Amino acid sequence: MSKKEQTAISPTRFENYPEWYQQVVKASEMAEISPVRGCMIIKPWGYGLWESLQRQIDDMFKATGVKNAYFPLFIPISFLEKEAEHVEGFAKECAVVTHHKLEKGEDGRLVPAGKLSEPLIVRPTSETIIGDAFSRWIKSHRDLPMLINQWANVVRWEMRTRVFLRTSEFLWQEGHTVHASKQEAIDRTCMMLNVYKRVAEELLAIPVITGDKSEAEKFPGAETTMCIEAMMQDKKALQAGTSHFLGQNFAKASGIRFQSAEEKEELAWTTSWGVSTRLIGGLIMTHGDDNGVILPPRVATAHVVLLPILKKPEENEAVMTYTEELARQLRNILYHGTPLRVEVDARNIGGTRNWEWIKKGIPVRVEIGPKDIASNAVFMSRRDLDRKQSRSVTKETFLSDIIGILDDIQKNLFERALAFRESNTHDFDDMSSFDAFFTPVNKEQPEIHGGFARAHWCGGSDCETTIKNRLNVTIRCIPFDGKEEAGSCIECSKPSKKRVVFAKAY
RNA sequence: CGGGACGUGGCUCAGCCUGGUAGAGCACAGCGUUCGGGACGCUGGGGUCGCAGGUUCAAAUCCUGCCGUCCCGACCA
């Protein structure tokens, strides 16, 4: 056999990153592509992750006073037309419903019939229809702030799709708030971005940069868009969440007015913010290795899998009893407020079983055989460590340590990802080294290259466009934590006070 | 939406050039031997060869159209 260690996923990240991603999604049984163009089927192992994420995000929203509601999937075209920039941004990727029934055609096939008087679009986002409701709900400053969120599916008819990262239909939450003052709306925009930063860093163990989007990258119809940006293992940036200060644009479009304390009619200020199932793609690309996914414990579909070693019939019952007892004890332990999620996999299918769980990325695997029972022990493996570091520990030690172990995995994943980002983030002050940074050695089959480049930018969209056209590199964000320093724009040399983050992006 | 590649059991693919009624490996099911182990043997199930037309006595194979997937670009959470 070859010297090279065999990996569960082929090709490896290094060999072909996009293909590796596809294979990981498949091998981990998180999702698959559906018969419907551009849409995905999220399988239980992937959906469980979304559920645990959703539950925790929802709690965080509610802690800030947000309430959930649900608005229609269909939006009248006339609603979309109300905000000019908004139309511009979304019109070309809308699914449109034009008929309301099917009839048998001449060839026996079903054909659309019953044309709608006004076509409906399937929501690409819900600012307009929620704005319409807000205009009726809000009369007085006493109705404000209005803090609403909905968990929903949306459709954006994408040309090129990728499971979890960009599909025609995806799941997300969209928060929509209305405020009496500009400052309060801006504060809310920041507050929710901070929630997203915590979601990414504390739950998903994905370090993110927070900042403002440039004019070219902001949400259609927004005054400003703030974002969290993460670095994937191919050194490309992933926009993982956005929070928009909408100014009075949508209030104007939908007629959201209120009577102020001074008895004057005023136009309201609104925000919107969202994260989607794209986060799952980000998780895979941040933590995955050549053996599959690695799930951060805080969001993992399951935390621990127990793998009883069933060899001889006369021993099996004792092994299963010991296993079930351990499962019961584990499920009584709380991990960050929720009971540990434990799987028992008693299939007698040899090493394949172990590898399936490695590919799925479950944080902790525990093998239990007759020898372990004899010594009152378990044989434990951590997904974030090398398989050779698996070790035998007593059952009591395991039970008392498991929370610490999971927290340690969580911490390890975050620190690993942070170190990767740091080592691939550089300052640039001249164009030739900037160009070299973003130019692959092999142009035919580009190797993994680039990263985050912090460079000065004059603020002009011409410079931004020039760079984008030449290198396919965009301004990911104007970071909040960037320090003020005198410099000159990397493209045009005009004065600049701050560095922005450039990168290739998903 | 432009350029490229591809579509044959669940998966990876051979067969297509030189038409003659479908193959392998893996996976799956059963039995047995192994096994703290991605094991081995035997037996078995499963495919209208992406879809629709056309050419032909005969099409996975030739022709046309459509659909889908992946990669690269434009666009995007």
Side-chain angles (χ1 to χ4, degrees), chain A residues 5-8 10 16-19 21-23 26-27 29 32-40 88-94 107 109 124-125 153-174 196 213 216-220 225 227-230 237-244 272-282 291 307-312 315 319 347-359 365-374 377-381 387 390 392 440 443-446 468-469 472 474 504-506:
Chain A
E5 191 180 352
Q6 197 188 348
T7 58
S10 174
N16 184 343
Y17 196 82
E19 180 61 19
Y21 177 77
Q22 297 285 131
Q23 295 304 327
K26 194 185 288 180
E29 298 189 319
E32 62 185 37
I33 53 150
S34 75
V36 185
R37 175 200 179 85
C39 296
M40 61 181 161
E88 179 76 16
F90 286 109
K92 48 188 182 299
E93 51 184 32
C94 282
D107 59 356
R109 305 281 305 270
T125 179
N153 58 338
V154 285
V155 168
R156 295 179 188 176
W157 212 258
E158 300 288 351
M159 292 305 168
R160 205 178 134 195
T161 58
R162 278 238 245 177
V163 180
F164 287 127
L165 297 174
R166 188 183 302 106
T167 46
S168 293
E169 181 193 16
F170 57 93
L171 305 183
W172 78 345
Q173 59 67 217
E174 47 180 322
Y196 291 158
K213 281 294 186 191
E217 297 279 332
K218 77 176 171 60
F219 177 77
T225 288
C227 63
I228 53 172
E229 292 282 329
L238 182 78
Q239 178 176 309
T242 46
S243 187
H244 316 292
S272 68
W273 24 275
V275 291
S276 72
T277 38
R278 175 179 249 204
L279 288 172
I280 298 176
N291 288 323
L307 305 166
I309 308 291
L310 303 170
K311 303 162 51 169
K312 299 174 185 149
E315 296 169 342
V319 172
R347 292 175 301 164
N348 198 357
I349 54 170
T352 308
R353 180 178 65 170
N354 209 8
W355 279 102
E356 278 186 16
W357 289 104
I358 292 174
K359 286 185 277 194
R365 304 187 304 281
V366 174
E367 294 177 21
I368 300 160
K371 289 181 203 166
D372 302 303
I373 296 175
V378 297
F379 192 73
M380 189 203 77
S381 309
R387 275 177 293 130
S390 304
S392 183
K443 288 204 174 86
E444 300 304 313
Q445 285 197 306
K468 182 177 180 181
N469 290 344
N472 195 28
T474 50
K504 296 194 180 182
Y506 274 95

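The sequence lines fix the lettering, A, B, ..., with proteins before strands; numbering per chain opens at 1. Owing to the predicted nature of the structure, the values given are computational and were not obtained by experimental measurement.
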message = A:Trp157: which residues meet the ring-ring contact (aromatic ring centres under 6.0 Å, His included) condition with it, sequence neighbours left out?
response =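 For A:Trp157, no residue satisfies ring-ring contact (aromatic ring centres under 6.0 Å, His included) once neighbours in sequence are set aside.
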
task = Name all residues meeting the ring-ring contact (aromatic ring centres under 6.0 Å, His included) criterion together with A:Phe90; count only those two or more places apart in sequence or in a different chain, and write none if there are none.
result =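 ring-ring contact (aromatic ring centres under 6.0 Å, His included) check on A:Phe90 returns A:His86, A:Phe219.
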
Residues forming a salt bridge (Lys or Arg N to Asp or Glu O under 4.0 Å) with [X], sequence neighbours excluded:
X        : value
A:Glu217 : A:Arg476
A:Glu174 : none
A:Lys213 : A:Glu229
A:Glu88  : none

query = At under 4.0 Å between heavy atoms, what does A:Gly38 touch on the DNA or RNA strands: base, sugar-phosphate, or nothing?
reply =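 Result for A:Gly38 = sugar-phosphate.
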
message = Looking at B:U33, which nucleotide sits across from it as a Watson-Crick or G-U wobble partner, both distances under 3.5 angstrom, or is there none?
response =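 Partner of B:U33: B:A39.
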
query = In Watson-Crick or G-U wobble terms, both distances under 3.5 Å, what is the partner of B:C66?
reply =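 Per the H-bond distance test, B:G50.
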
Protein-nucleotide distance (A:Trp157, atom CH2; B:C1, atom P), rounded to Å =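 Value for this atom pair: 11 Å.
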
side-chain contact (heavy atoms from CB on, under 4.5 Å) partners of A:Ser381, counting only residues at least two apart =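 Only A:Arg365, A:Ser390 meet the side-chain contact (heavy atoms from CB on, under 4.5 Å) criterion with A:Ser381.
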
key: Non-neighbouring partners of A:Lys311 that pass side-chain contact (heavy atoms from CB on, under 4.5 Å), sequence neighbours left out   =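 side-chain contact (heavy atoms from CB on, under 4.5 Å) check on A:Lys311 returns A:Ile309, A:Glu315.
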
inquiry  = For nucleotides 70-77 of chain B, give me one character per nucleotide, 5' to 3': B if any protein heavy atom sits under 4.0 Å from the base, S if the only such contacts are to the sugar-phosphate, - if neither.
reply    = SSSBBBBB

Nucleic acid footprint by protein, nucleotides 32-45 of chain B - heavy-atom cut-off 4.0 Å, B for base, S for sugar-phosphate alone = ---BBBB-------

Tabulated below should be each protein N or O lying under 3.5 Å from an N or O of nucleotides 7-10 of chain B; please produce it.
none

ask   = Which atom pair, heavy atoms only, marks the closest approach of A:Val275 to A:Gln173?
value =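 Heavy atoms of A:Val275 and A:Gln173 come nearest at N-OE1, 2.8 Å.
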
Only distances under 3.5 Å count here; give the side-chain donor-acceptor pairs of residues 160-171 of chain A to other protein atoms, sequence neighbours excluded, each with its distance to 0.1 Å.
from, atom 1, to, atom 2, distance (Å)
A:Thr167, OG1, A:Glu169, O, 2.7
A:Glu169, OE2, A:Asn153, ND2, 2.8

